[in-house]
Number of protein chains: 2
Amino acid sequence: MRIDLEAAAPAWRQIADQLRAALVSGQLRPGAQLASVRELALDLGLNHNTVAEAYRQLAAEGFLQLERRTGAVVLERKSPRPPAGEQERFAVRLRTLLAEARAAGVPASALQSALRRAVEELS
Amino acid sequence: MRIDLEAAAPAWRQIADQLRAALVSGQLRPGAQLASVRELALDLGLNHNTVAEAYRQLAAEGFLQLERRTGAVVLERKSPRPPAGEQERFAVRLRTLLAEARAAGVPASALQSALRRAVEELS
DNA sequence: CACGCTGTCTGCATTATACAGACAGGATGC
DNA sequence: GCATCCTGTCTGTATAATGCAGACAGCGTG
């Protein structure tokens, strides 16, 4: 796990994003015990409150259970009904991301293979 | 063009992102004249400085020429050599975006078809 | 019953954002 | 000639977000 303090996205969101990816992909299964906010903060070179903010975000999404003595535990979570327009918002963000990559000079062929790989990983 | 002031991304970045998508896709061709910062700001319900910040961002990327009297004009721009690791950064952001969409409840099949559509649009 | 470990809360310094308004320069109209 | 208008730019400011330091609260353990 890697955090870039210079990035536009705040550190707590980067932490939440990377943990969410691990949760959705099944690398973190229900019942798993996460590192304490201070442990992970020390590991990342951040303040414990920054990690706590990320944990609270994932708890609000239903992924984690936070308790005083127990720490952060992965919950069972059924996929929610997608809010209206969620699919369209994804399409817009995907187009934006592709435009940024093409503007940075990444060839279209490389983007296509990355997209095809993503399609396969979703199966 | 639509701006959401409540979104996490700042307004000037949303403007730049949407204009960049239009530039990369060829909807805005070299020589085209953009709306003045005040015109577009009025159209979006924002301050002219917010639009100017977006224009400066695109100018720094080589897309626009900004001049006092002339306004904002689309430049010819050869795609730069992609910085090292740019392709990998794209892959990471794509995975993050997909994880977020799946967490929001968008079914994998919908994501796959959106990805396939994006592959075709890149040809 | 003191200690240690957990997440939570309050307060603070810094930075980013969006805005209001003044400025600069060059074309246009009288 | 010269006022006027339209362009992007610059300065200053109020507000919110961010990351951090440190204190607090609950609960198991020795």
Side-chain angles (χ1 to χ4, degrees), chain A residues 1-20 23 28 30-75 77 96, chain B residues 1-20 23 28 30-75 77 96:
Chain A
M1 193 149 144
R2 180 165 297 176
I3 301 302
D4 177 14
L5 275 181
E6 308 304 315
W12 66 265
R13 189 181 303 274
Q14 294 179 47
I15 299 170
D17 284 347
Q18 295 183 37
L19 285 178
R20 191 186 302 106
L23 287 161
L28 281 174
Q33 178 80 43
L34 266 63
S36 76
V37 291
R38 285 172 179 81
E39 276 179 355
L40 183 51
L42 195 64
D43 183 30
L44 298 175
L46 297 173
N47 187 273
H48 60 273
N49 288 309
T50 305
V51 177
E53 181 67 25
Y55 279 15
R56 272 190 290 269
Q57 171 66 32
L58 293 173
E61 295 177 17
F63 282 108
L64 297 184
Q65 180 186 37
L66 300 180
E67 218 158 340
R68 295 248 171 205
R69 178 65 182 172
T70 319
V73 179
V74 179
L75 287 176
R77 174 186 189 263
T96 302
Chain B
M1 192 150 145
R2 182 163 297 175
I3 301 302
D4 177 15
L5 275 180
E6 308 304 315
W12 67 265
R13 188 181 304 274
Q14 294 179 48
I15 299 170
D17 284 347
Q18 295 183 37
L19 286 178
R20 190 186 302 107
L23 288 161
L28 282 173
Q33 178 80 44
L34 267 64
S36 75
V37 292
R38 284 171 181 80
E39 277 178 355
L40 183 51
L42 195 64
D43 183 31
L44 298 176
L46 297 173
N47 188 272
H48 60 272
N49 289 308
T50 304
V51 176
E53 181 67 25
Y55 278 16
R56 272 191 289 269
Q57 171 66 32
L58 293 173
E61 296 177 16
F63 282 108
L64 297 183
Q65 181 186 36
L66 300 180
E67 218 159 340
R68 294 240 169 212
R69 180 64 182 173
T70 319
V73 178
V74 179
L75 287 176
R77 174 186 189 263
T96 302

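Predicted model only: the values in this text are computed from it and were never measured. Naming: A, B, ... by sequence-line order, numbering from 1 per chain.
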Applying a 4.0 Å non-hydrogen cut-off, can you work out what A/Arg38 is touching in the nucleic acid: base, sugar-phosphate, or nothing? base
Listed pairs under 3.5 Å, donor-acceptor, residues 60-72 of chain A side chains, sequence neighbours left out:
unit_1, atom_1, unit_2, atom_2, d
A/Glu61, OE1, A/Arg20, NE, 2.9
A/Glu61, OE2, A/Arg20, NH2, 2.9
A/Glu61, OE2, A/Gln57, NE2, 2.7

Given C/dT8, D/dT18, C/dA20, the nucleotide with the shortest approach to the side chain of A/Trp12: D/dT18
How long is the line joining CD of B/Glu39 and P of D/dC5, in whole Å? 16 Å
Can you say whether a donor on the side chain of B/Asn49 sits under 3.5 Å from an acceptor on the base of D/dG8, or the other way round? no
A/Leu58 CG to C/dG7 C1', straight-line distance once rounded to whole Å: 15 Å
Closer than 4.0 Å, any side-chain N/O of B/Thr50 to the OP1 or OP2 of C/dC19? yes
Would a 4.5 Å heavy-atom cut-off, applied to side chains only, mark B/Leu40 and B/Tyr55 as touching? yes
So, is A/Thr70 close to the C/dT6 phosphate, meaning a side-chain N or O under 4.0 Å from OP1 or OP2? no
Value in whole Å for how far the C1' atom of C/dA20 lies from CG of B/Leu42: 15 Å
Name the nucleic acid region contacted by B/Glu67, choosing base, sugar-phosphate or nothing; use a 4.0 angstrom heavy-atom cut-off, strictly under. sugar-phosphate
Between A/Ala11 and A/His48, just flag the one whose closest nucleotide in DNA chain D comes earlier from the 5' side. A/Ala11
Please write out the pairs of protein N or O atoms and N or O atoms of nucleotides 24-30 of chain C separated by less than 3.5 Å, giving the distance to one decimal.
unit_1, atom_1, unit_2, atom_2, d
C/dA24, N3, B/Arg68, NH1, 3.0
C/dG26, N2, B/Arg69, NH1, 3.1

Considering only heavy atoms from C-beta outward, does the side chain of A/Ile15 approach that of A/Ile3 to under 4.5 Å? yes
Mind grabbing the angle between the end helix axes of the helix from C/dC1-D/dG30 to C/dC30-D/dG1? Five pairs an end, 10° rounding. 10°
